[in-house]
Each structure stands twice: as C-alpha cells, then as structure tokens.
2 protein chains.
Amino acid sequence: MTLTPLQQDFVLHFGEMGSRWGINRTVGQIYALLFLSEEPLNAEAITSALSISRSNTSMGLKELQSWNLVRLRHRPGDRRDYFTTPDDLWEIVRTLIAERRKREIDPTLTTLRELEMRGSTGDPYAEARIAELRELIEMMTQFHDEMNRLETERLVQLMTMGRKLGGLLEKTNKMKFWGTNDT
Amino acid sequence: MTLTPLQQDFVLHFGEMGSRWGINRTVGQIYALLFLSEEPLNAEAITSALSISRSNTSMGLKELQSWNLVRLRHRPGDRRDYFTTPDDLWEIVRTLIAERRKREIDPTLTTLRELEMRGSTGDPYAEARIAELRELIEMMTQFHDEMNRLETERLVQLMTMGRKLGGLLEKTNKMKFWGTNDT
DNA sequence: CGTCCGTTTCAGAAATTTCTGAAACTCAGA
DNA sequence: TCTGAGTTTCAGAAATTTCTGAAACGGACG
C-alpha cells in the first residue's frame, strides 16, 4: 500500500509529535494513518504503508488499543483484524483526555493521598503544599467528570460561548443562581 | 543538603511521573524539590539534595526556565541564582497548560493549515478529516484563551459549579441569553 | 490431528535520551 | 588585568526506549 503526499506528510508530522505526546513515533504514525483512512486497515496494510516491521505494527496497535483509541472491525470471511478511528472527533478528544488523566493524574492523586496519610512529619510547609496540590487536582478532576457528562452538543455550545463566560458568571452571581438551581 | 522522608518520596514520585509527562526524571525531581521548599534553593543545594551531577542540575534548571515553571531570586551579596516555584498553584497550572499547548498543539495547528493550503489533492476524505481536525483544535484553543482571561476566583467558581453546568446551559438557552449578552 | 493464516512474544540490535566530568566561559571585585 | 566563584557547554558514557526478525502461539477448517 502506498500513500498520497498529503497522507505522507500528515503521518510524518504525527510521528514527530508522537514523541512530545508520550507515545512513540510509530504509534503516532499508525494512528495518523488510520485517522485519514476512510476504510479500516489491517496490520499488513499498515506495515507496508509505513515501511515498518510487522511486529512493530503489532506493538503499536496493541498500544493504541490500550488507549482505546482504535476500533476493531471485521470483514465477512476474513479473520484478520481491521482497525479504524472513531468518526466523531469529540469522542477521540474525550478518550484522549480520559486516558491521559488515568496515566498522568490519577497515580499522582493516589500518591498524594498516601503521603498525607502519614500525618505529621515535622515539615509543615511541605505538608500544606501537598494538601493544597491534592485539593487542586481533585477540583480539576471533578470538573472534568462534569464536563464529560455533557453531550457533545452542549459541550460545543459551552466552548463556543467564549468570551461570554465571564459575563455569565457575573450575571448568575447577581441572580443568586447557584444556591437555587441544583438540577 | 538532606531531605525528609516526605520530601524524598514526593520527589521520587515526580521523578517517575516526569517520564509520562514528556519531561525527564531529573527535571521532575528538581521541580518537586523546589515545590516543597519554602526557601528558594540554589543549584548547589539541588545537586546535593538529589545526588545528581552539577551539570545535570544546570540542564534541568534551564529546561524548567524554558517552561516558565520556576522563578529566579537573588540574595544580597550572593550572586548565585536561587530558584522557587510560584506560590499560587493556579498560576502553575496555567503555565503548564500554556506551555504544553505551545509544544503539543500549536505546531500541529500550523501543519494542518499548511496541508490545507495545498488545495485539492485527489483525496477528499483525508482533506475533510484534516479540516475537521483543524476546526476542532481551533475551537479548543479559543476556549482555552477565554478561560485564561478569567481571574483565578472566577475560574474556581466555574469549576466548582460542577453538575450545575448542564442545567445552566439549558436555562440560558431558554433565555436566549447568547445573542444578547455580548459583554 | 495437522495445516494454514494470522497474531503475539521475545531477545538482541539500533537508535535515542539522559547524565556526567572536564573544560570553557562570564563577570564582579581586588 | 588578574582572580575566583559561579554557570554553561560539550563529547562521550550509561541508561532507556524503540524496533526488528525469528520463533512461539492460537484457533478455524479440512
């Protein structure tokens, strides 16, 4: 399988970016390729399109699956696995954030809580700092949970509001909105 | 300089996490150490606290400076540089997001725009997919810009509202809020 | 049961990143 | 201008990550 120049360059870019994103070049390239392919691809097609080894493709796909970033498809009478990315970009973003949180945030939260469990250590400043950090992270993850609960349409709406957010907060404050509207 | 067990474990954890965050172990450790230190530290103190080489410390600090994650202090009659992290955790988060965006998002946006410039390539699906992705990223960065514009207090308020967000959107829709309140 | 088609695992090779010690550099004060 | 405390740079060493080819594995079908 051979790529158009557009696909080529897109794939190469995501390969490069991969490194900055904590995934490796190959994984980035595989994902980029799937993202641009209308039809699902099997491992063999990916291998030849990217000129990498079959086992490297296998590793990459495994990694992408562990990130929930690809979907598995099958063709009748063909037992090879075919891979695609979701059509809905928002779904992709959600997954990305969720997985990143799982890997980057949650373990830290656990550690911070453990450190707090120790009780007094003779280093009040450090203790306070850790507690403060834990609280901040908790607040942000809760917010994320709430955002996740919104359907795509509402989310887009929220993001589109843009500069109106500040004004909105102001207004709702005046209205004593928060105490009374516990949907 | 020697660390308390609490500092030790916190520092080690951030060292480990560092790898998942696209910064290296040492940089993570240096940052963690500064984060827990009430007093600013100089390079020598960091070197001995973490048992790393002086030049490694220097590299790490340089990297942290390039991320805008540390502040420089000076003591009268001492020309060594002393480093701290900002007291305000929200400021840290803002910086982190801003820098991450600069490294991980902006280059991609540029590339996507370049790819679109090419015009028709005989691969309409790929073109559409790229355009869609570019739009999504633009929307998210704009939203980020707007959030950044809010002062910390308002931001906390927004995050705290949690589950009320969905209801709020509903309500404001009914009120035809968006067309009329262009603060 | 054996074969075939496909996937996964794994140990070593290759590439990349991180870390170190030594040398070069900077600049304030004598 | 020289000295010396402090910082930065850099080439190679060490460690880590990624990639490969070969071998093991799995399970559908005759």
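Values below: every heavy atom of this structure, side chains too, minus hydrogens, waters and symmetry copies. These numbers come from a predicted model, not from an experiment. Here is how names work: the chains are called A, B, and so on, in the same order as the sequence lines, proteins then strands, and each is numbered from 1.
Of the residues in residues 36-57 of chain A, those with a non-hydrogen atom less than 4.0 angstrom from any atom of DNA chain C are A:R54, A:S55. Within residues 22-29 of chain B, the residues having any heavy atom closer than 4.0 Å to DNA chain D are, in order of number, B:R25.
Along DNA chain C, read 5' to 3', the first and last nucleotides having any atom under 4.0 Å from a heavy atom of chain B are C:dT18 to C:dG21.
In this structure, the side chains of B:I46 and B:L34 come closer than 4.5 Å at one or more pairs of heavy atoms.
Atom CZ of B:R80 is separated from atom C1' of D:dT8 by 17 Å (rounded to the nearest Å). The distance from atom CG of A:D78 to atom C1' of D:dG27 is 15 Å, rounded to the nearest whole Å.
Linking ILVMFWY side-chain heavy atoms closer than 4.5 Å, directly or via other members, places A:I52 and A:I23 in a single hydrophobic cluster. Neither A:Y82 nor A:M1 shares a network with the other; the hydrophobic side chains, linked directly or stepwise wherever heavy atoms of I, L, V, M, F, W or Y lie under 4.5 Å apart, form separate groups for each. Using a 4.5 Å cut-off between side-chain heavy atoms of Ile, Leu, Val, Met, Phe, Trp and Tyr, with links allowed through other members, B:L12 and B:I30 fall into different hydrophobic clusters.
Between the A:T57 side chain and the A:S53 main chain, a donor and an acceptor come within less than 3.5 Å of each other. Under a 3.5 Å cut-off, the side chain of B:R129 and the backbone N or O of A:F35 do form a donor-acceptor pair.
Contacts of B:T4 classified as side-chain contact (heavy atoms from CB on, under 4.5 Å), with partners at least two apart in sequence or in another chain: A:D123, B:L6, B:Q7. Checked against salt bridge (charged side-chain N to carboxylate O under 4.0 Å, His left out), B:K62 has no partners two or more places apart in sequence or in another chain. The salt bridge (charged side-chain N to carboxylate O under 4.0 Å, His left out) search around A:R75 returns A:E39, not counting sequence neighbours. Scanning for ring pair (Phe, Tyr, Trp, His ring centres under 6.0 Å) contacts around B:F83 gives an empty result, with sequence neighbours left out. Scanning for side-chain contact (heavy atoms from CB on, under 4.5 Å) contacts around B:E38 gives A:Y125, with sequence neighbours left out. The ring pair (Phe, Tyr, Trp, His ring centres under 6.0 Å) test applied to B:Y31 returns no partner, not counting sequence neighbours.
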Between protein and nucleic acid, restricted to nucleotides 2-4 of chain D and to nitrogen or oxygen atoms under 3.5 Å apart, what atom pairs and distances do you find?
from: D:dG4; atom 1: N2; to: B:R79; atom 2: NH2; distance (Å): 3.3

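Closest approach of A:R103 and B:M17 over heavy atoms only: O-CE, 3.3 Å.
For residues 106-121 of chain B, the pairs satisfying salt bridge (charged side-chain N to carboxylate O under 4.0 Å, His left out) are A:D9-B:R118, B:R101-B:D106, B:R113-B:E138, B:E116-B:R134, with sequence neighbours left out.
The rotation axes computed at either terminus of the helix from C:dC1-D:dG30 to C:dA30-D:dT1 lie 0° apart, taking five pairs at each end and rounding to 10 degrees.
Ion pairing of A:E99 with A:K102 is present here, as a side-chain N (NZ or NE/NH1/NH2) and a carboxylate O approach within less than 4.0 Å.
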